[in-house]
Number of protein chains: 2
Amino acid sequence: MTSLPQSSSVLEAHPEGVAPGVAVSSPSFSPLYQQIKTLILKSLQAGEWRPGEAIPSEIDLAARFKVSQGTVRKAIDELAAENLLMRRQGKGTFVATHAEERVQYRFLRLTPNQSASGQPEVAKRVFLDCKRMPAPADVALALNLPAGATVVEVRRILSFAGRPVILDDIWLPGHLFEGLTAERLSEYKGPMYGLFESEFGVRMIRAEEKLRAVVADESVAPLLGVKSGTALLSVERLSRTYGDQPVELRRGLYRTDDYYYRNELS
Amino acid sequence: MTSLPQSSSVLEAHPEGVAPGVAVSSPSFSPLYQQIKTLILKSLQAGEWRPGEAIPSEIDLAARFKVSQGTVRKAIDELAAENLLMRRQGKGTFVATHAEERVQYRFLRLTPNQSASGQPEVAKRVFLDCKRMPAPADVALALNLPAGATVVEVRRILSFAGRPVILDDIWLPGHLFEGLTAERLSEYKGPMYGLFESEFGVRMIRAEEKLRAVVADESVAPLLGVKSGTALLSVERLSRTYGDQPVELRRGLYRTDDYYYRNELS
DNA sequence: CAGTGGTCTAGACCACACT
DNA sequence: GTGTGGTCTAGACCACTGC
């Protein structure tokens with residue numbers, strides 16, 4: 001990879017300001033804006049700017065990295081496309097946050113059968129359980145934890161319009177979530193990922209979901225208010241932070257009589 | 001919207017070549033590259049370039065539209081991001097096609113439980129039915145057709161590894177698919193959307209899916225080789241061409257014992 | 001080699017938000 | 001007005017492809 005200092009020195013050798021071209025003819029060439037992107041990413045990960053805060057202006061960043069504004073711009077463009085940054089014309093570029101979001105649940109794709117108003121109405125959350133325990137083998141594997149590591153297990157129910165719709169089992173690495181209790185979960189207003197972000201410094205930036213259809217058994221049917229034998233949508237979500245590190249495994253069961261899971265393809 | 005001719009005339013008034021700014025202070029301002037994007041889109045829709053073919057080079061397009069290469073570039077960037085065009089460094093920019101694709105089914109999100117090799121192995125297709133009929137009310141509504149318009153109804157089964165996995169019911173506007181028969185569907189090698197594209201000039205560029213969990217009844221269970229009461233993933237897909245016009249409604253039932261529906265969130 | 005897309009720069013000006 | 005992101009340009013050079 002072409003290192004940044006190299007590029008700068010090349011730049012200084014051309015004081016007339018014409019782009020000298022940054023690539024040294026080399027194996028595995030990386031464009032300047034990608035290197036800038038990586039540097040910004042590192043600052044985000046290091047917490048140099050907090051979620052919701054503005055990052056320095058493009059001009060400032062260009063000066064800091066000794067590149068043109070256009071190059072910084074392209075780096076920020078990609079980070080904004082990945083929902084890590086938010087651009088607001090006339091105001092600045094801000095670190096994305098789960099706390100002050102236009103939609104309650106950014107990762108929840110459930111939509112009511114009726115009413116085209118996008119997200120379902122306000123949810124009511126009930127936490128049934130929250131305990132620390134040794135990670136089950138499959139959970140440890142998914143979260144990339146050593147066998148038997150401590151995890152926090154949370155069980156909760158999400159209700160819309162007064163009826164239970166989602167039963168979630170959630171596992172979090174214990175060492176990242178010291179002091180997480182059902183009480184703190186219940187008290188916090190706003191999405192759970194907002195709490196994780198502000199209280200534990202863990203930011204979910206990407207997730208993969210595996211969807212299957214399953215039949216409700218006696219252990220879950222009553223919790224969702226359905227009969228055994230009802231079909232439920234099983235949603236297994238693995239959420240990741242910076243560096244694609246997995247930090248949450250979630251197994252959800254969704255009632256899909258009044259709601260559906262919406263997806264867009266292109 | 002700022003019209004293109006206006007911009008050009010402004011341009012010509014500044015022969016020194018410095019960007020004069022294109023926007024007239026006006027309500028509903030549209031940037032130049034958006035206008036270029038719209039023009040390219042119109043050419044695509046009109047079939048000026050066929051799927052798989054190269055479009056003119058950025059320099060040629062810049063000359064045609066009397067804008068800078070950078071402006072054309074930004075327009076093409078967005079179209080490529082929407083999977084309407086494919087860029088290939090050193091070769092050119094190509095019209096996206098369903099025919100010569102690296103994956104068999106671009107819109108199919110099914111993945112085997114084992115084997116991380118992405119898409120499922122080669123599919124076997126069996127067409128159970130293909131007939132013209134008056135559109136059911138809900139189908140006509142979804143496809144934006146007048147009540148009672150003719151549609152083509154197709155029923156088919158997709159099998160992987162010798163076992164049936166997907167039962168699809170498909171409806172297509174009759175007037176766009178004259179002469180579509182089960183035989184032509186069976187004969188065609190490659191994805192169905194490739195056939196639609198090359199034989200009927202209909203290109204699917206975007207789709208929305210609604211996912212639900214349902215229980216298999218006696219009418220579908222035998223076709224998928226499962227018992228009645230098994231949970232199946234119901235996938236309703238509405239596919240659209242240019243201008244967001246809906247041109248295909250598809251209701252699929254997926255077995256999700258050996259496969260799952262994969263989705264990425266960010 | 002020429003032609004294509006890809007990167008980078010510098011500079012000008014517009015649209016928007018706050019003061 | 002000042003400062004921010006957003007658009008547009010012109011020009012140079014790099015990386016990749018194929019003749």
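From a predicted model like this one, the values you see are computed outputs, not experimental measurements.
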Atom [atom1] of [X] and atom [atom2] of [N]: how far apart are they, to the nearest Å?
{"X": "Asp77(A)", "N": "dT7(C)", "atom1": "CG", "atom2": "C1'", "value": "14 Å"}
{"X": "Gln69(B)", "N": "dC8(C)", "atom1": "CD", "atom2": "P", "value": "15 Å"}
{"X": "Gln34(A)", "N": "dA15(D)", "atom1": "CD", "atom2": "C1'", "value": "15 Å"}
{"X": "Gln89(A)", "N": "dC13(C)", "atom1": "CD", "atom2": "P", "value": "18 Å"}
{"X": "Met86(A)", "N": "dG6(D)", "atom1": "CE", "atom2": "P", "value": "11 Å"}
{"X": "Leu32(A)", "N": "dA15(D)", "atom1": "CG", "atom2": "P", "value": "12 Å"}
{"X": "Leu61(A)", "N": "dT4(D)", "atom1": "CG", "atom2": "P", "value": "11 Å"}
{"X": "Glu78(B)", "N": "dC8(D)", "atom1": "CD", "atom2": "P", "value": "11 Å"}

### Query
Has the side chain of His98(A) got a donor or acceptor atom that lies under 3.5 Å from a matching backbone atom of Met204(A)?
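The answer is yes, because a donor-acceptor pair under 3.5 Å joins these two groups.
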### Side-chain donor or acceptor of Gln34(B) paired with backbone N/O of Pro31(B) under 3.5 Å
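No; judged by distance alone, with no hydrogens or angles, the pair does not exist.
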Ring-plane angle category for [X] and [Y], please: parallel below 30°, perpendicular beyond 60°, tilted otherwise.
{"X": "Tyr261(B)", "Y": "Tyr254(B)", "result": "tilted"}
{"X": "Phe160(A)", "Y": "Tyr259(A)", "result": "tilted"}
{"X": "Phe177(A)", "Y": "Phe200(A)", "result": "tilted"}

#### Entry: Which residue lies more 5' along DNA chain D, comparing Gly90(A) with Arg87(A) via nearest heavy atoms
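In this pair, the answer is Gly90(A).
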Side chain of [X] (C-beta onward), nearest among [options]:
{"X": "Thr71(B)", "options": "dA15(D), dA15(C), dT9(D)", "value": "dT9(D)"}
{"X": "Glu58(A)", "options": "dC8(C), dG6(D), dC8(D)", "value": "dG6(D)"}
{"X": "Ser68(A)", "options": "dC16(D), dA10(D), dT9(C)", "value": "dT9(C)"}
{"X": "Ser57(B)", "options": "dG5(D), dG5(C), dC8(D)", "value": "dG5(C)"}
{"X": "Val67(A)", "options": "dG5(D), dT9(C), dT7(D)", "value": "dT9(C)"}

### Task
Assign Arg88(B) to base, sugar-phosphate, or nothing according to its heavy-atom contacts below 4.0 angstrom with the strands shown.
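Sugar-phosphate: the residue Arg88(B), judged by heavy atoms under 4.0 Å, touches backbone atoms but no base.
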## Note on the structure
Here DNA chain C, pairs taken as Watson-Crick or G-U under 3.5 Å and shown with ( ), [ ] when crossing and | when to another strand, reads ||||||||||||||||||.
### Message
Within the 3.5 Å criterion, strictly below it, is a donor on Tyr193(A) or Glu248(A) matched to an acceptor on the partner's side chain?
### Response
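Checked: Tyr193(A)/Glu248(A) side chains pair up, N/O donor to acceptor below 3.5 Å.
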### Task
Examine the side chains of Tyr188(A) and Glu199(A) and answer whether a donor and an acceptor come within less than 3.5 Å of each other.
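Distance-only check fails for Tyr188(A) and Glu199(A).
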#### Entry: Arg106(B)/Glu197(B) under salt bridge (Lys or Arg N to Asp or Glu O under 4.0 Å): CA gap, chis, key distance, verdict
CA-CA 14 Å; Arg106(B) 201 178 87 196; Glu197(B) 183 178 286; over 6 Å; no
Phosphate oxygens OP1/OP2 of [N]: is one of them under 4.0 Å from a side-chain N or O of [X]?
{"X": "Lys74(B)", "N": "dC8(D)", "value": "no"}
{"X": "Thr93(A)", "N": "dG5(D)", "value": "yes"}
{"X": "Lys91(A)", "N": "dG3(D)", "value": "no"}

